[in-house]
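One structure is given below, encoded as structure tokens.
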Amino acid sequence: MSLNIADRRRINGPQRSVEPVYTTKAADPFATGRLDERALDQVRPIFIKTGPLDAQSLSAAAPSGSAYYEQGKIRVSCAIYGPRQGRKSNARMGSFDCDFKYAPFSCSWKRSHIKTSDEKEIALMLENSVAPAIRLEAYPKASIDAFVTVIESDGKAATIAAAINCISAALADAGIELYDSVAACSMALHGEQWVSDCSQAEENASTCSLLVARMPSADEITYLLQHGKTTPEQTQQAIQTCANDCTRVYAVICRYLQATLE
Amino acid sequence: MVETGQAAAAVAMQTFERIHPVEFQRRFLGQNTRHTGREFNQFRALKVIKGAISTAQGSATVRLGNTTVVCGIKAEVCEPDVKRPTAGYLTTNVELSPMCSARFRAGAPSDEAQVASEHIYRLSMHLLDLTSLCIESGKAAWSLSADIVCLKHDGNVVDAAVIALVAAIEDLRLPRAEFDSATGVVSADKEALGHVDVKKRLFPATFVLVDDLCVVADADDAEEQMATASLLVVMDGEGKLVNLWKRGAGVISREAVEQCVERARERMSEIAKVLD
């Protein structure tokens with residue numbers, strides 16, 4: 001449902017528009033195995049493309065590093081600018097800022113052009129997940145800015161994990177000094193079973209979701225978010241499994257980054 | 001020794017480009033070439049991918065050299081305007097965020113984005129007959145929001161945006177909708193999808209007067225920074241002129257305009273080949 005405010009800097013449609021009521025019933029995502037025939041602990045296939053399409057003619061305003069990331073149906077694009085002049089001229093450490101935005105057509109309902117509070121919250125989550133991996137003390141007085149746009153979303157926690165992975169790939173492409181790449185993965189609880197990397201339909205059918213961002217080489221978790229109802233034992237077990245999934249995702253990211261060097 | 005010499009020359013050239021971008025471009029233009037080696041009337045390689053985004057009812061990704069734009073169309077239902085009870089809505093917006101280029105700042109749309117949105121909105125009026133979006137006269141109609149998000153900006157976003165919009169409209173599939181007059185609810189059947197009738201296809205071609213010297217087709221970002229005037233020519237599928245838009249203080253002669261229109265006509269078949 002679009003906002004009732006006329007945005008005077010954009011072309012506005014009708015004041016009020018809603019989604020029609022769809023008569024076709026959505027299939028039960030866990031009825032007979034998963035809809036895309038994955039195993040319960042299987043992460044969706046990942047594709048990463050870093051850098052510009054044609055490196056020969058690069059404009060001066062182009063980002064230092066960029067990455068396009070696909071995980072199943074999730075599509076995320078990230079651009080990194082920096083290290084460039086920061087806001088504080090006396091800062092001993094560099095600053096890392098994230099900007100996150102869903103494209104208006106990326107979710108099943110139409111999103112607003114104006115940044116909403118959940119997008120601002122996710123931007124902060126991305127900052128907190130990735131900043132520990134960056135050697136900010138190597139960039140005093142500078143700022144590193146990441147801009148993330150979600151082109152297609154499929155599962156809220158999974159999309160945030162995809163955004164973290166995308167930023168990691170883009171940072172490596174930009175040549176920013178890192179302690180390690182951050183890899184993230186998500187899980188959701190369906191009944192008593194934790195399922196890895198859930199799509200939107202699977203997430204809607206689950207009671208709890210978990211997001212873990214990890215630096216595998218340093219064996220450190222940089223971000224952990226659990227949303228929903230579980231027991232402490234279930235959560236403990238899930239964090240272990242999710243951390244292992246993160247390592248698998250990390251291996252995929254590294255393989256794509258290595259391929260760009262060849 | 002030869003390798004280090006070549007490497008040193010490459011670094012020197014890159015430094016020159018960064019420090020004196022205008023002089024750098026002038027060196028090439030003075031020799032009657034472009035800095036990427038393209039011909040003056042040569043457009044960059046065009047790639048169009050339709051229907052990749054499943055959350056949008058219609059979508060297209062267009063790559064024109066390094067410039068990448070994604071157009072996604074979301075369809076919602078609304079009450080039609082009282083003055084036009086059988087017409088739906090099609091709104092187009094171009095998003096130029098800091099992600100695509102360092103020249104844009106976060107926040108409200110820049111002047112460039114607003115101008116592009118407005119012009120493309122006016123062009124989009126040729127694409128569809130809005131009465132084909134009617135569900136129930138006076139009660140319900142489709143409202144299509146076409147959002148063109150620029151992912152990478154390397155010049156000539158308007159061409160890429162128009163092509164993306166046309167491709168997304170051709171890809172658009174709307175579910176069959178029914179209006180229940182008792183409840184006022186519109187129900188739609190996702191299994192029964194239909195295309196919309198495209199009234200007229202649009203084929204854009206942008207030419208830029210660089211540094212008051214020469215007119216080049218499909219300028220990249222470096223050439224656009226030195227532009228003193230630009231000319232957008234939009235053709236329809238039959239070679240008729242739909243739109244001619246000249247911006248900027250520089251002077252483009254009448255002969256040059258005619259040449260641009262001729263080139264735009266050739267460009268129309270180039271684009272049509274990619275779209276089909």
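First the proteins, then the strands, lettered A, B, ... as listed; each starts at 1.
Contact annotation for B:S59: neither backbone nor side-chain heavy atoms come within less than 4.5 Å of a heavy atom of chain A. Heavy atoms of B:R18 lying under 4.5 Å from chain A belong exclusively to its side chain. In this structure, chain A has heavy atoms under 4.5 Å from both the backbone and the side chain of B:S117. At a 4.5 Å heavy-atom cutoff, the contact between B:V185 and chain A is made by side-chain atoms alone. When heavy atoms are compared at a cutoff of 4.5 Å, A:A62 does not approach chain B at all. In this structure, chain A has no heavy atom under 4.5 Å from any part of B:Q225. Heavy-atom distances place both the backbone and the side chain of B:D189 under 4.5 Å from chain A. Residue contact with chain A, scored on non-hydrogen atoms closer than 4.5 Å, is absent for B:E224. Proximity to chain A involves both the backbone and the side chain of B:P98, based on heavy atoms less than 4.5 angstrom apart. B:K190 touches chain A through backbone and side chain together, each having a heavy atom under 4.5 Å away. The parts of B:I53 that come within reach of chain A are both its backbone and its side chain, each placing non-hydrogen atoms under 4.5 angstrom from that chain.
Of the possible polar contacts, one joining the B:T55 side chain to the A:F105 backbone as a donor-acceptor pair under 3.5 Å is found. One N or O on the side chain of A:T23 and one on the backbone of B:A188 form a donor-acceptor pair closer than 3.5 Å.
At most 12 non-hydrogen atoms from other residues, nucleotides or ligands lie less than 6.0 angstrom from CG of B:D111. Surrounding CE of B:M13 are at most 12 heavy atoms belonging to other residues, nucleotides or ligands under 6.0 Å away. In the displayed structure, A:R84 atom CZ is contacted under 6.0 Å by more than 12 heavy atoms of other residues, nucleotides or ligands. Atom CD of B:E17 is surrounded by more than 12 heavy atoms from other residues, nucleotides or ligands within 6.0 Å. At most 12 non-hydrogen atoms from other residues, nucleotides or ligands lie less than 6.0 angstrom from NZ of A:K141. Around atom NZ of B:K139, no more than 12 heavy atoms belonging to other residues, nucleotides or ligands sit under 6.0 Å away.
The two atoms that bring A:L53 and B:G65 nearest to each other are CD1-O, 3.8 Å, heavy atoms only. In plain terms, the two heavy atoms of B:E76 and A:V18 that are nearest each other are CB-O, 3.3 Å. The two residues A:P104 and B:V149 make their nearest non-hydrogen contact at CD-CG2, 4.4 Å. Of all heavy-atom pairs spanning B:K74 and A:K110, the tightest one is CE-N, 3.8 Å. The two atoms that bring B:C100 and A:Y81 nearest to each other are C-OH, 3.5 Å, heavy atoms only. The two atoms that bring A:R9 and B:A108 nearest to each other are NE-CB, 3.3 Å, heavy atoms only.
Counting heavy-atom pairs closer than 4.5 Å to chain A, the top residue among B:P21, B:G155, B:A140, B:A52 is B:A52. The most heavy-atom pairs under 4.5 Å with chain A, out of B:A141, B:A106, B:P109, B:A56, come from B:P109. Of all the listed residues (B:K152, B:R103, B:Q114, B:E191), the one sharing the greatest number of non-hydrogen pairs under 4.5 Å with chain A is B:Q114. Comparing A:S108, A:C78, A:P63, A:A103 by heavy-atom pairs within less than 4.5 Å of chain B, the highest count is held by A:S108. Taking B:D221, B:N93, B:V186, B:D81 one by one and counting their heavy-atom pairs under 4.5 Å with chain A, the maximum is reached by B:N93.
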For the pair B:D147 and A:H113, evaluate side-chain contact (heavy atoms from CB on, under 4.5 Å) and give the outcome as yes or no after the intermediate values. CA-CA 9 Å; B:D147 293 293; A:H113 288 107; 2.5 Å; yes
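Atom CE in B:M99 sits 12.0 Å away from atom NZ in A:K101 (nearest 0.5 Å). Note: B:Y121 OH to A:N12 CG = 9.5 Å, rounded to the nearest 0.5 Å.
The side-chain contact (heavy atoms from CB on, under 4.5 Å) test applied to B:E79 returns no partner, not counting sequence neighbours.
Scanning residues 64-77 of chain A against chain B with a 4.5 Å heavy-atom cutoff picks out A:S66, A:K73, A:R75, A:S77, ordered by number. Using non-hydrogen atoms only and a strict 4.5 Å limit, the part of residues 145-161 of chain A facing chain B consists of A:F147, A:V148, A:T149, A:I151, A:E152, A:S153.
Within the structure, the ring pair (Phe, Tyr, Trp, His ring centres under 6.0 Å) test picks out the following pairs touching residues 141-192 of chain B (sequence neighbours left out): B:F104-B:H153.
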